[in-house]
Amino acid sequence: MRLTLPQAIELVEKSNPELRVSGQSVEVARRGVTIAGQRPLNPTVGFNTPLGPAERKQGIFFIIPLETGGRREARLAVAESGVQEANLGLSQVRLTMLNQTRNAFVELAMARASLEQSRRDLEFNDRVVAAARRRFEAGDAAEAEVIRARFEREQIARGVFPAENRVEAAQLLLNRLLGQALDTTIETVDDGWLFPTEAALKGPDWKLPSLDALHEIARKQRPDLALVAQQGTTAQRQVQLALANQAPAVSLQGSLLYNPATPAFTYLAGVQVEIPWDNDRAGEVEQARARQEEVLRRQALTLATADHAVALAYSRFQAAKRQLSHDLEVLKPQADRVLYLAEKIYQIGQGDITEVLTVGQSVQRQRQLLLSDIAQLHLALGELELAVNSTLVGGKP
């Protein structure tokens, strides 16, 4: 399966199991609206007939409970708020899953690049071993240099195994997020942003809005901020429902009596009203208002958390970008040149094995650090895009 990041994102939205679960939660909330719209008590009908000689009247009675104080409307409003919260919760899960997918996609690409670099490092050490053997056979070097070169070569070979395992682990994670079979082989396709060049980093594609602008984007786009605002609306509606529930319950009653001794019919009509003798539901109102105050405090906390997340992610991104720029602009070209010269000098019989191996280790370490810095840049970018819920670089969020 060959995938660009936008294709992986599209597949996640169709197949991710956590998104499916959250989507079903929305359906559950919608059923809650249906339940809230139903009357809590059905009309009651009954039939009475005497069993002893003292009474002969037979009766049919009806009781119709009424909802007073706007209970049904308040209950429906709370249920509809529940649907809005479920939708915003789904948006939050979606944002998290897409961010995790992006990170997993980048990790798989970086793991494969690291494995390929480890194999190229092994090829370099194979050439050093061959050069040491030729110098030993020509009598220009001691056999100790061949042994030393082979030892360093095996050290590099040992590093290939964890690199291969990193690829396997990254592929397993990406498959799980994509909802695919865990043994599916995925090839990440670079559409121009996975391995940025120095020119690209300085160009407009990697230039981000200011920190103040990012704060504004976050306040408009983050689903957690929208969710806590909706929870404030829900809390207000719950207060209204608690107040409505304080209205006494009222029922209409009607009876039809038949006396076979006369014979004659009698009709009775009445009203039944609940008396709040020991429970006026004031505690429910107080609890709803306390919950409303809790939500107001949570709103301030969530906003502060969002601002901190944006500022921290922005700082990390800028630091990662500066570090990678230094790698690409200064260290990478120098490393290529230093390694080339060290290998050539040793091959023509100048220098010793320690010098070429030391240079090789230094350059190989720098090349792996370059890949690590690219991955760190993407992680910082993903963290920032998660913090503002907007695409900043590289296509769909």
**Report entry** Any donor-acceptor N/O pair, Ser114 side chain to Met110 backbone, under 3.5 Å
**Finding:** no
Query - Nearest-0.5 Å distance, CD of residue Gln272 to CG of residue Leu66 - result: 11.0 Å
Query raised in the report: Would Val330 and Leu369 show up in the same hydrophobic cluster when neighbours are defined by side-chain heavy atoms closer than 4.5 Å?
Result: no
Requested in this report: Check for a donor-acceptor pair, side chain of Gln180 on one end and backbone N or O of Asn175 on the other, with a separation under 3.5 Å.
Outcome: no
Query - Criterion side chain to side chain donor-acceptor pair (under 3.5 Å) against Glu107, the qualifying member of Arg102, Arg166, Gln171 - result: Arg166
Report task. State, yes or no, whether a side-chain contact exists between Arg222 and Thr302 at a heavy-atom distance under 4.5 Å. Result -> no
Query raised in the report: In Å, rounded to the nearest 0.5 Å, how long is the span from OH of Tyr314 to OG of Ser210?
Result: 7.0 Å
Report task. To the nearest 0.5 angstrom, please state how far the CZ atom of Arg71 sits from the CD atom of Gln246. Result -> 10.0 Å
**Report entry** Flag, side chain of Arg72 to backbone of Gly37, donor-acceptor distance under 3.5 Å
**Finding:** yes
Query raised in the report: Taking Asn259 for the side chain and Lys57 for the main chain, is one N or O donor matched with an acceptor at less than 3.5 Å?
Result: no
Query raised in the report: Should the pair Arg150-Glu154 be classified as a salt bridge under the 4.0 Å nitrogen-to-oxygen rule?
Result: no
Query raised in the report: Is a donor on one side and an acceptor on the other found under 3.5 Å between the side chain of Glu284 and the backbone of Ala242?
Result: no
Requested in this report: Answer yes or no: is there an ion pair linking Arg119 with Glu123, defined by an N-O contact shorter than 4.0 Å?
Outcome: no
Query raised in the report: Should Glu116 and Arg112 count as an ion pair when the cut-off is N to O under 4.0 Å?
Result: no
Query raised in the report: Are side-chain N/O atoms of Gln240 and Glu73 paired as donor and acceptor at under 3.5 Å?
Result: no
Report task. Decide yes or no for Leu108 and Val167: does some side-chain heavy atom of the first lie under 4.5 Å from some side-chain heavy atom of the second? Result -> yes
Query raised in the report: For Gln364 and Asn125, what are the C-alpha separation, side-chain angles and deciding distance, and is it a side-chain hydrogen bond (donor to acceptor under 3.5 Å, both in side chains)?
Result: CA-CA 11 Å; Gln364 290 161 4; Asn125 281 79; 3.1 Å; yes
**Report entry** Euclidean distance, Phe105 CZ relative to Ile186 CD1, rounded to 0.5 Å
**Finding:** 9.0 Å
Query - Arg219/Asp307 ion pair, N-O < 4.0 Å - result: yes
Query raised in the report: Is the shortest distance from a Lys or Arg side-chain nitrogen in Arg289 or Glu293 to a carboxylate oxygen in the other one below 4.0 Å?
Result: no
Query raised in the report: Are Trp193 and Val106 side-chain neighbours, meaning at least one heavy-atom pair lies under 4.5 Å?
Result: yes
Requested in this report: For residues Leu339 and Gly360, report the shortest heavy-atom separation together with the two atoms involved.
Outcome: CD1-CA, 3.8 Å
Report task. Begin from the C-alpha positions of Gln368 and Arg365 and carry the test side-chain contact (heavy atoms from CB on, under 4.5 Å) through to its verdict. Result -> CA-CA 5 Å; Gln368 291 291 350; Arg365 182 171 60 253; 5.9 Å; no
Report task. Locate the shortest heavy-atom distance separating Gly179 from Pro17; write the atom from each residue and the value. Result -> CA-CD, 4.3 Å
Requested in this report: Flag the pair Thr305 / Asp224 as yes when at least one side-chain heavy-atom distance between them is below 4.5 Å, and no otherwise.
Outcome: no
Report task. Indicate if Ile9 and Leu381 have the same hydrophobic cluster label, given that clusters are the connected sets of ILVMFWY residues with side-chain heavy-atom separations under 4.5 angstrom. Result -> yes
**Report entry** Validation row: Leu370, Leu331 side chains within 4.5 angstrom (heavy atoms)
**Finding:** no
Query - Arg94 versus Ser22, side-chain donor and acceptor atoms under 3.5 Å - result: no
Query raised in the report: Given the rule in the side-chain contact (heavy atoms from CB on, under 4.5 Å) test, do Val83 and Asn87 qualify, once you have shown the distances and angles that lead to the verdict?
Result: CA-CA 6 Å; Val83 175; Asn87 277 313; 3.7 Å; yes
Requested in this report: Report yes or no: do Leu173 and Val93 belong to one cluster of Ile/Leu/Val/Met/Phe/Trp/Tyr joined by side chain heavy-atom distances under 4.5 Å?
Outcome: yes
Requested in this report: Would you confirm whether Ser362, through its side chain, and Thr358, through its main-chain N or O, come within 3.5 Å as a donor-acceptor pair?
Outcome: no
Query - Nearest non-hydrogen partners of Ser25 and Ala86, listed with the distance - result: O-CB, 4.1 Å
Report summary line: side chain to side chain contact (heavy atoms under 4.5 Å, CB included) with Arg237: of Thr233, Leu241, Thr234, only one passes, and it is Thr233
Query raised in the report: Would you call the rings of Trp206 and His378 parallel, tilted or perpendicular, where under 30° means parallel and over 60° means perpendicular?
Result: perpendicular
Report task. Output the distance between atom CZ (Phe62) and atom CG (Leu256), rounded to the nearest 0.5 Å. Result -> 7.5 Å
Requested in this report: Would you check if there is a donor-acceptor pair between the side chains of Gln117 and Arg120 at a distance under 3.5 Å?
Outcome: yes
Query raised in the report: When you check the side-chain N and O atoms of Gln236 and Gln292, is any donor under 3.5 Å from an acceptor?
Result: yes
Requested in this report: Is it possible for you to say whether Val228 and Val239 belong to one hydrophobic cluster, with membership spreading through side-chain heavy-atom contacts below 4.5 Å?
Outcome: no
Report task. State whether Arg31 and Glu27 are salt-bridged, where the test is any N-O pair (Lys NZ or Arg NE/NH1/NH2 against Asp/Glu carboxylate O) under 4.0 Å. Result -> yes
Query raised in the report: Is Lys14 salt-bridged to Glu10, cutoff N-O under 4.0 Å?
Result: yes
Query raised in the report: Given side chains that start at C-beta, do those of Leu377 and Phe317 come closer than 4.5 Å, heavy atoms only?
Result: yes
Less than 3.5 Å apart, which donor and acceptor atoms pair up between the side chains of residues 45-52 and the rest of the protein, not counting sequence neighbours?
none

Report task. Enter the distance from Glu145:CD to Arg148:CZ here, rounded to the nearest 0.5 Å. Result -> 9.0 Å
Query raised in the report: More than 12 foreign heavy atoms under 6.0 Å from CD1 of Ile348: is that the case here?
Result: yes
Query raised in the report: Given side chains that start at C-beta, do those of Glu329 and Leu201 come closer than 4.5 Å, heavy atoms only?
Result: no
Query raised in the report: Any link between Val78 and Leu227 through a network of hydrophobic side chains (Ile, Leu, Val, Met, Phe, Trp, Tyr) touching at under 4.5 Å?
Result: no
Report task. Could you check Val128 against Ile353 for side-chain contact (heavy atoms from CB on, under 4.5 Å), going step by step and ending with a plain yes or no? Result -> CA-CA 8 Å; Val128 173; Ile353 193 67; 3.7 Å; yes
Query raised in the report: Would a distance-only check, ignoring hydrogens and angles, find a side-chain to backbone donor-acceptor pair under 3.5 Å from Arg75 to Ala36?
Result: yes
Query raised in the report: For the residue pair Ala74 and Ala244, what are the closest heavy atoms and their distance?
Result: CB-CB, 4.4 Å
Requested in this report: Quick one: do Gln376 and Gln323 satisfy side-chain contact (heavy atoms from CB on, under 4.5 Å)? Show the steps, please.
Outcome: CA-CA 10 Å; Gln376 187 60 42; Gln323 185 166 306; 6.0 Å; no
Query raised in the report: Is any side-chain heavy atom of Phe195 less than 4.5 Å from a side-chain heavy atom of Leu371?
Result: yes
Query raised in the report: Hey, is Arg367 close enough to Asp336 for a salt bridge, meaning N to O under 4.0 Å?
Result: yes
Query raised in the report: Do Asp140 side-chain atoms and Arg135 backbone N/O form a donor-acceptor pair below 3.5 Å?
Result: no
